[in-house]
Every structure is written in C-alpha cells, then in structure tokens.
Amino acid sequence: MAGNLSVLSQPVRIMAIFDNIAKAAKDFFVEEDEAAIKPAASAPAHPAATSISQSLPSYNASTQPEQRHLDHIAGLLIGDGKDFAAYMKMVKSMAAAGMNGPLLYQTAFNAFAAINGATVPGLLASAATFETALQSDRNKVLERHREKMGETKGHNIAPSALLNLTAQEQKLALEIAELTKQLQEKQQQLTETQQQLTEEKQKTQSALASYEAANASALSELQAHRKAAESFLIGSGAAMA
C-alpha cells in the first residue's frame, strides 16, 4: 500500500513543479512593461528566494539608494526582452514561485529558450554586455564626481555648484585673513595711540598743575605785598602826599 502511495505521489510532485513553472511564466508575461525598469523589490519571504538573495553581493545597508539612482540603473538594464535582463526576470519569477538551485536556473533557461530561441553562450554574452554597461556608467559617474569635487578638470564643462562654493569659501577665507591682518595692524595703531594719548594727558595735566602752582604763588605774593603796601603806606601818611 505504501509503495502505491509513493508511486502516486510522484505525479503529484511533478504536477506541482509544472504548476510553479506555469505560474512563474504567467507572472513573467502578464507584468506591465514598465515593471521591467523598476528596481527589484526586497527579498521575498519564501526560503528558496531567501537563499538566492543570500548568494548575492551585500552592500552597506546604511546607504539607501535614492529612487532617481534606482531608476537610472534600471534604465541601463532595459533590453529587447531576449537578453539576460529578461532571463533574470524569469528566474526571479520562478524563485518567487518556490524554485531554487540548479533546477531554477535550468528550468528558467529552458522556458526562456523555448520562447525566443536563446542559447547559453548568447545569454552569458548578454550578461557580460550589461556588466560592461554598468561598469562604464559607473566610470562616467565617478569621473563627473571627481570633476565636481575639483579633483580633475572637465573639458568644456561649467564649474559645478560645489566648485563655485569652494571658490567662494576660499575667497572669503582670504578676505577674512586680510581683514584680520588689517585689524591687527589697526589694533596695534590703536594701542600706540592710546599710549601716546595717556602720555599727552599726563603732560597736559602736569603742565596745568605747574601753571596753577606758579599762578597761585604769584597771586599769593602779589596779594601779600599789596596788603603790606596798603598797611605801611596808608598808615605812614604817604598816601596824603
């Protein structure tokens, strides 16, 4: 009885595999064209799909790409539907349906080749072409980045906002340095002037004190002699004469 169940279960498993293939192929063809240029979604919850995602290179999770960059990269992977990008789309559809490992890639290729007559060398050559396109685009972006940072000088390219701000910063820094130098010079002049002013004030105060002393002495002497003269001259009758 158990043997009969085992025999009966074989067609069931085979039918399940074909159901998965059919579902994946259906998902592959009914998706809208614009979905092909959308960035891949996060790894599906299915264990098989998770194992595939774990084999892919990992990047710094703290750096989340902007949508405009994802759209740009997706645009580089747009082909004619008969290339490796389209094949990857079918692989991911089948992986989401529960397939994995060698069976996943072989089954996806068989279905893909049946549709458009793809060959393994041609498919791998297409993958190399996409890799070259991605690397070439990265080189261009890095070169432009170096130009923006001022590390290299672009040909017939207007200075970036970053370079303009850097030049402005340097100009302002030089102006501040010059103004600081002038301020230091003026501060020194002010200190010297204040010292001279203090000395002149002291001289002026000293001269005034000296004058006051001389004036007071002369006035006192004059008043003393005037009183003496009045006393002696008026008393002696000299005023009558």
Side-chain angles (χ1 to χ4, degrees), residues 37-43 53 56-77 132-241:
I37 64 173
K38 290 183 179 179
S42 57
S53 66
L56 298 176
S58 60
Y59 300 94
N60 187 357
S62 64
T63 303
Q64 295 297 330
E66 300 177 25
Q67 188 59 47
R68 62 191 179 97
H69 293 147
L70 293 173
D71 292 341
H72 173 76
I73 295 300
L76 297 176
L77 299 177
T132 301
L134 288 172
Q135 186 60 47
S136 176
D137 187 73
R138 180 175 182 271
N139 292 338
K140 292 178 182 178
V141 171
L142 290 178
E143 180 61 25
R144 180 55 182 157
H145 177 75
R146 286 190 287 266
E147 291 172 0
K148 288 182 178 180
M149 296 297 292
E151 298 173 1
T152 59
K153 186 176 182 181
H155 301 290
N156 300 322
I157 298 178
S160 66
L162 182 61
L163 286 183
N164 289 334
L165 289 172
T166 300
Q168 184 177 358
E169 179 195 31
Q170 294 173 347
K171 179 176 179 293
L172 291 173
L174 291 174
E175 290 177 353
I176 290 175
E178 180 62 26
L179 290 173
T180 302
K181 180 181 178 182
Q182 294 178 11
L183 178 61
Q184 292 173 344
E185 293 175 350
K186 294 298 181 181
Q187 185 65 44
Q188 180 62 30
Q189 292 177 10
L190 176 60
T191 301
E192 294 174 355
T193 300
Q194 289 174 335
Q195 291 176 348
Q196 293 174 2
L197 177 60
T198 300
E199 292 173 0
E200 288 300 319
K201 283 182 178 181
Q202 292 174 348
K203 289 180 181 180
T204 301
Q205 293 292 342
S206 178
L208 179 60
S210 175
Y211 169 79
E212 290 283 14
N215 183 278
S217 177
L219 180 61
S220 178
E221 183 181 13
L222 178 63
Q223 289 175 345
H225 285 290
R226 180 181 64 79
K227 289 181 179 180
E230 287 178 348
S231 177
F232 293 114
L233 292 177
I234 293 176
S236 65
M240 299 298 294

Subject >> Thr180 (side chain) donor-acceptor with Ile176 (main chain) under 3.5 angstrom >> reply: yes

Subject >> Lys/Arg N to Asp/Glu carboxylate O, Arg226 vs Glu230, below 4.0 Å >> reply: yes

Inter-residue atom distance [X].[atom1] - [Y].[atom2], 0.5 Å rounding:
| X | Y | atom1 | atom2 | answer |
| --- | --- | --- | --- | --- |
| Met149 | Leu142 | CE | CG | 12.5 Å |
| Gln195 | Thr193 | CD | OG1 | 9.0 Å |
| Gln187 | Thr191 | CD | OG1 | 5.0 Å |
| Leu174 | Leu179 | CG | CG | 11.0 Å |
| Ser217 | Glu221 | OG | CD | 6.0 Å |

Modelled atom types, side-chain donor and acceptor of [X] and [Y], under 3.5 Å:
| X | Y | value |
| --- | --- | --- |
| Asn139 | Glu143 | no |
| Gln188 | Gln184 | no |
| Glu178 | Gln182 | yes |

Original post:
Heavy-atom count around Arg146 CZ within 6.0 Å, excluding the residue itself: above 12?
Top reply: yes

**OP:** Go through Gln135 and Thr132 one step at a time and tell me if the side-chain contact (heavy atoms from CB on, under 4.5 Å) criterion holds.
**Re:** CA-CA 5 Å; Gln135 186 60 47; Thr132 301; 5.8 Å; no

**OP:** Quick one: closest heavy-atom pair of Leu162 and Lys148, and the distance?
**Re:** CD2-O, 3.2 Å

Subject >> Gln168, Glu169, Glu175 screened by side-chain hydrogen bond (donor to acceptor under 3.5 Å, both in side chains) with Lys171, the one that passes >> reply: Glu175

